[in-house]
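So the structure is just underneath, and the comments pick up after that.
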2 protein chains.
Amino acid sequence: MSDKPRRDGGADIKMSDIARHAGVSPMTVSRALREPSTVSEKMRRKVDAAVREFGYLPNRIAGSLSSKRSNVVGLIVPSIRNSLYANMVQAISDVLRTNGFHLMIANSGHHLEDEEALVSALLAQRVCGLVLHNTTHSKQVRDLVAKTGVPVIETGNLPAEPLDMVVSYSNFEAARAMTAHLGRLGYRKIGFVTLPLRDNDRSEERRHGYFAALKELGLPADPSLVLEAPGGFAEGADALVRLIQTHPGLDACFFAGDVLAVGALFECQRRGWAVPGRVAIASFDDLDLLRHAVPTVTTLRIPRDEIGRRSAELLVNRLLGAPSERVRIDVGFEIVQREST
Amino acid sequence: MSDKPRRDGGADIKMSDIARHAGVSPMTVSRALREPSTVSEKMRRKVDAAVREFGYLPNRIAGSLSSKRSNVVGLIVPSIRNSLYANMVQAISDVLRTNGFHLMIANSGHHLEDEEALVSALLAQRVCGLVLHNTTHSKQVRDLVAKTGVPVIETGNLPAEPLDMVVSYSNFEAARAMTAHLGRLGYRKIGFVTLPLRDNDRSEERRHGYFAALKELGLPADPSLVLEAPGGFAEGADALVRLIQTHPGLDACFFAGDVLAVGALFECQRRGWAVPGRVAIASFDDLDLLRHAVPTVTTLRIPRDEIGRRSAELLVNRLLGAPSERVRIDVGFEIVQREST
DNA sequence: TTATAGGATGGTAGCGATACCAAGAGAATG
DNA sequence: CATTCTCTTGGTATCGCTACCATCCTATAA
């Protein structure tokens, strides 16, 4: 190939070329492509023919610059890997696509500084909207968002002071509800395993919810019943074993995050601990896995795809002209009682 | 609907504003931002100060149009939900990001027609490169790619006639190797459960691999030992039960796709079928889950993140000027023998 | 028939950056 | 001291499209 990396290939057909070959003005081509109804049948046919003949692809970059309008939404998630986010991303992607928008995705790895850099980068790309799976932001981010005025959806938690629109559930309420549920089932010594609390308001809220429920149940708040563990099968297993060693009377354990519960369940199978006979296990988030494991696992169903869908819908509506009003949607959650408790 | 959706907010600072406030020309600002080394220390400081003062964010859309260069890579996966792809996506995203590129993602839902529409849309956005998790394309797609000359990575299979660059493993070889492995372990009646074959060359290749291995093993090729199932726990369970009902002598089953094996394993636990005593179970793709299940599950390790990483690296190199040559990387696979076989 | 509205077209001027070339200022050379 | 070279800086012309306004034509009303 050539010296300079060229990426527009040989076929560099532009609108004016199509116009010339169709015997119309560039404006007519532009209109025929974007608002066909404003163009006469005859013109439209001429344009369509030329477009097809040359395989013309309008340059959306130029279009965006000229119209000051973009059709790309930016999304920042803590981790793309995590299947919970994946569900949400898929839902967002689907809604955007059916409305002619595209999705630019980035992952912050749970770091606030990274979020800052990514928000800047996405805004520099002039995305027309943002979805942030995170509700605690640096001042920089808040300023940027305020200054540019892009519509923003926050997700993953229900913040006290939202940037703009929010679609989420309450981590506090969810954790409290599950803990209370365990109490109602008669469990008295309930362990709590959480994802790392640092830089993660969601984990923090869940922990508060756990303690709030204990209080309501009239159970002692024993900090040594709380363990912090990075998400993962092995970590869940490990956490359960440690809890049982230090608290032989443990009769239930609530794993507030990602596959921890399943790891623990497998460990019980390995050690021959009956679930829920020896220890009951409850999880957070309705992974498919939990419904099929043996025994099936009690969990909190968070409607991740609904979150994605509604986020995208709100964004699209706003972009299509809906008034700029604060919206706060609590999608709620549901306790799914299964065999493990 | 308000009159005009504006998305550039109040703060609409452009390079010329920064230039004026810094007392330099726009070109100097542009250079100070992109190639600071070509600008004198003094100028750079003036520019930086002004940039910070106004919180200026360069407009990459304008930049791209002007330079005919974009820093966005397009990615099309069959499903964002699927955690296998998620691993790859994350790896791609990471590499791109450290090189200053962004990722636009779309999912085709396994439909070729959708791929076509998405490729067009991404090319209209003037992405500087494409990653396609699919190696069978419509003529339209092949033409588009050829005409625009964008660098393309294909992934997910090793095609006979690649579009451009390929990073993958051989589904045929992988399935053959696993089937042969089961044969070597002494299993004689080996079932095969595959994902839907329609529009999916990867599944098709796996099936061929299975039959090729049977032949090498001198085992009869019995089509009734092959079942097609959509991915999922329940589907895997169901498939195994049906196979065992129709073939009581079944001593092993190879699940060539997505969580099918785990679903089957759970079913065995429910029915009290010993694994591998009653039936051995082998899977495809090294989901974390398989390493932790009880029993642990024999599987094929496909280096999904390596695929993502190397894809992105190839793309970045090409974009940074590497010569345009066909590259075909076979990342291989590995049989992971565990307790289930 | 003339006036007038309204829909369909086209011309022109940007959008906000970068490429390319010209020019000025020093530094280095003979 | 003149001359050449290099390093910075700035001016100008796009990039490919769309907004906006002017124009033209046809249809309807008076």
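Note on naming: letters A, B, ... go to the chains in the order of the sequence lines (proteins, then strands), and numbering restarts at 1 for each one.
Comparing D:dC17, D:dA19, D:dG16 by their closest approach to the side chain of A:L65 singles out D:dG16. Distance from the side chain of B:A62 is smallest to C:dA17 among C:dT18, C:dA17, D:dC17. Distance from the side chain of A:M27 is smallest for C:dG10 among the nucleotides C:dG10, C:dG16, D:dG10. Of all nucleotides listed (D:dG10, D:dT18, C:dA17), D:dG10 comes nearest to the side chain of B:T28.
Comparing A:L57 and B:V39 against DNA chain D, the residue whose closest nucleotide sits nearer the 5' end is B:V39. Sequence order on DNA chain D of the closest nucleotides to B:V24 and B:S67 puts B:V24 first from the 5' end.
Per the geometry, CE belonging to A:M43 stands 12 Å off P belonging to D:dT26, to the nearest Å. Summarising the geometry, the separation between CZ on B:R69 and P on C:dA17 is reported as 16 Å, rounded to the nearest angstrom. Atom NZ in B:K46 sits about 11 Å away from atom C1' in D:dT9, given to the nearest Å. Nucleotide C:dA19 holds its P atom 11 Å from the CE atom of B:M15, rounded to whole Å. Taking atom CD1 of residue B:I13 and atom P of nucleotide C:dA17, one finds them 10 Å apart after rounding to whole Å. The nearest whole Å value for the distance from the NZ atom in B:K68 to the P atom in C:dC20 is 11 Å. Computed from coordinates, the A:R60 CZ to D:dT18 C1' distance equals 11 Å when rounded to whole Å. In this structure, B:R34 places its CZ atom 17 Å from P of C:dG16, rounding to the nearest Å.
Counting non-hydrogen atoms of other residues, nucleotides and ligands closer than 6.0 Å to CD of B:Q140 gives a total of 12 or fewer. No more than 12 heavy atoms of other residues, nucleotides or ligands lie within 6.0 Å of CZ in A:R310, so this atom counts as exposed by the packing criterion. Shown here is B:R60, whose CZ atom has more than 12 heavy atoms of other residues, nucleotides or ligands within 6.0 Å.
To the nearest 0.5 Å, atom CG of residue B:D199 and atom CG of residue B:D201 are 9.5 Å apart.
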Chi angles and distances behind the side chain to side chain contact (heavy atoms under 4.5 Å, CB included) call for A:N134, A:I76:
CA-CA 8 Å; A:N134 176 29; A:I76 301 179; over 6 Å; no

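Stretches of at least 3 consecutive Watson-Crick or G-U wobble pairs, with each checked distance under 3.5 Å, appear in DNA chain D as C:1-30 with D:1-30.
The residue A:P58 sits close only to the backbone: its heavy atoms come under 4.0 Å of sugar-phosphate atoms, none of a base.
In this structure, A:S25 reaches the C:dG10 phosphate: one of its side-chain N or O atoms is under 4.0 Å from OP1 or OP2. In terms of phosphate contacts, A:S16 brings no side-chain nitrogen or oxygen within less than 4.0 Å of OP1 or OP2 of D:dG16. Contact annotation: A:Y56 side-chain N/O to D:dC17 OP1/OP2 distance is under 4.0 Å.
Distance alone, capped at 3.5 Å, places no donor-acceptor pair between the A:S66 side chain and the A:A62 backbone. Between the A:R202 side chain and the A:N157 main chain, no donor and acceptor come within less than 3.5 Å of each other.
With hydrogens and angles ignored, a donor-acceptor pair under 3.5 angstrom links the side chain of A:S66 to the base of C:dG14.
A donor atom on one side chain and an acceptor atom on the other are found under 3.5 Å apart for B:N71 and A:Q125. A side-chain donor from one of B:E115 and B:H137 sits under 3.5 Å from a side-chain acceptor of the other.
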Pick out the pairs of N or O atoms, protein on one side and nucleotides 21-26 of chain C on the other, that lie under 3.5 Å.
none

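The pair B:R20-B:D17 meets the salt-bridge criterion, with a side-chain N (NZ, NE, NH1 or NH2) lying under 4.0 Å from an Asp/Glu carboxylate O.
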